[in-house]
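First the structure, in the form of structure tokens, and then the observations on it.
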Amino acid sequence: MKKKVLSLLSLSAVLWVNAQEKDSLQQKNIEEVVITGQYMQQSINKSIYKVEVIDAQQIKNMAVTNAAEVLNQNLNILVEPNSGSGDSNANIMGLSGQYTKVLIDNIPVVSDQGMGNLVDLSKINVNNIERIEIVKGSMGVEYGNNAVAGVINIITKKNYSKKFNALISLQEETVGKDYDWFKKGNGRHVQSLNLGYRINDNWSVSADINHNDFQGFKGKYNGYKYFSEGNDGLRGYEWLPKDQLITNAAVRYAKGSTSFFYKVNYLNEEINSYNQIINPDYESGSKTFVAKDRNYFTNRWLHQFNIQTKLGRINYNGDFSYQTQKRKYQEYDYDVPNRATLSKDPELTYYESKVLYSRGMFSNFLNSDKINFQLGYELDRTEGYANSVTFESNNNGKNINRTIFNYANFLSAEWKANNWLSLRPGVRLALSDKFDSQYNYSVTAKFNTSQNSDIRAVFGSANRFPTYDELYTFVVDNNHDIRGNENLKPETGYSAGLFWDYNTSSSGAWKFNLSLSGMYLDVNDRIESVIINLEPLKYTYLNVNKYKSMLFGGGLNIRKDNLTLNTGVSVMGVSQALNTGQITSPSDYNYYVEANLGANYTLDNTKTLFALYYKYTGKRKQFTYIPSTSLSTDPGKFVLGEVQDFNMLNFTVSQPFFKDHFEVSLGIKNIFDVSTIRNTVSAGDAHNAGNGNQNLFYGRSYFARVNYNF
């Protein structure tokens, strides 16, 4: 129903909006600007940090629907989708989403487990994104806890050059080979509407709505209509159906040295889970078969206010945010043969987070072009709730309701020693009512070795706070005894990196950018589930593990006229010392390779765009624990498991019409038809295919998209 309503809304907009002149902002800026890790917005070439940027045009060429699909093209970022929950977290430099800070306009995003970490990237739509900025490495001074592996900053659109802007987009995709338009059918159906209005030179407003209807992927199963009296386990989906609605609204003011904006974001998501087990039912007078199915609901509100102004000569940049996320589920009895819902249980909240957040930065204290200081503060109050069934048991009948307050001050100074050397040291003190005080440090240097090349040397530290699961889990029954540990301390980590960039252009208008990089990351006191008693078997979480990784990479960007080519390759080695409480794994480095390629070419006469995106992820090896049948006499062993390598290739062709107001795009995603890969590192569970396999994608798919830009 949402799909039909939104389609009608989009078509209605066509009738009452007059076509406007082409938006001059569609032309790519000559000099790209960034804000992540900066005192003020500035050119990417002047940034003291190595910032990777994915702009709106690249995102559009990919024909993706959410941030997870965008980031999967980036080297050393692996966004592993969870076919059971539908979530997708960013894995940077081999570390999970717990170690990556995800921001929207410099504000950490609320999640089930807190603020900024373990953010589901599939819940962030791309239709209002201006660019995505990525900084890899520990950024604890600037962004606080959980920014151990890096920061992903999603910058939304705020400025419009025309009086009125409107963009309607409709996209239809197959899911594997399955597709049809009807409700409870197959495929993915996406509709979006973006509106922007410049009231005058100072005020502007914008709004957008995006609906993403994913009808699920059956794979080895037979869908929700299927049943067998023998309960053969083939009912349901490998990838659960998901219906997602995301809306944004914003108002912006800018005059002189003062600007501010207020933005509100709302997400509503429903995931449908179908039980593989059915039971005979005779209550209606005739035999039928009933399944206990479940729907999951997520509601998220993000409120954000940002102000930039001058206090005398001092620059002030302040962010204020209130965010909530509530996740519920509802079980119901479904008559499978008759396609009827018999009864519904009440909706039950199983996760809820409420966050009050503020971050402020003061800079430009001195009247000097040589040296600048930045003084900042950050505070967040996170209230988390998990009900007594969240951790797979009754948790002794106790719900979990905890509040954590964190406050931090950070200070850095940027010194331009001369025309070729800039330095920025920094320090942060973080205070918490739950954990001991944390100190983070950073030192960054930028060397302009010539007019066309520069070198950046970056050192930084960060810490990761334990998640709610690690602190408060209580799963105790006849088969399990797994308990959280409220005495856990934050993990600590640091990284060091060296980055070289070289830019040149020839008389033939060929432009080249060559980059080389090397990074080292070290994490101590890693939290792991540990055996603390053999008879009976008991587990808890302790700070016992260590993690190290080394990364070496290079990239090349080539541009000439209508051709753009980006390619890169990296080699990463990971060393982990895993501890079960009885034995410790070897800590040898295991290396794997990644490579990517992005190529865009536009025909002169017809303006037809051809876009190709390729990524190779090499075979990854990691030690994994194999328990024995009798832990009292044999503690088990660590063996070297592996995750199979795979290739991803997407192709898009886009054709504009009517002076670029109307555009049609056709394409193929996952051309090599990757779905399940071999994974002997993690055993099969509710999130994996089992038997040493992992559900990674749902095979080759085809799509068609139409855009109308007024």
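What you are looking at is a predicted structure, and each value in this text was computed from that prediction instead of being measured.
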Between [X] and [Y], a side-chain donor and acceptor under 3.5 Å:
X    : Y    : answer
S204 : R252 : no
K136 : N74  : yes
N265 : H303 : no
S432 : N406 : yes
D319 : N106 : no
Y143 : N145 : no
Y39  : S412 : yes
N315 : K310 : yes
Q38  : S47  : yes
T36  : E133 : yes
Y385 : N387 : no
N317 : N306 : yes
N295 : Q330 : no

Fill in: Where P425 and A413 come nearest, the two heavy atoms and their spacing
CD-O, 3.0 Å
Practice prompt. Quick one: closest heavy-atom pair of E414 and R424, and the distance?
Written response: OE1-NH2, 2.8 Å
Salt bridge flag under 4.0 Å for residues [X] and [Y]:
X    : Y    : answer
E347 : K328 : yes
E470 : R464 : yes
K263 : D105 : yes
K434 : E486 : yes

Under 3.5 Å, side chain of [X] to main-chain N/O of [Y], donor-acceptor pair present?
X    : Y    : result
Q57  : D55  : no
Q73  : V70  : no
E69  : T65  : yes
D525 : E491 : no
S422 : K446 : no

Worksheet item: Would you call the rings of Y296 and Y350 parallel, tilted or perpendicular if under 30° counts as parallel and over 60° as perpendicular?
Response: perpendicular
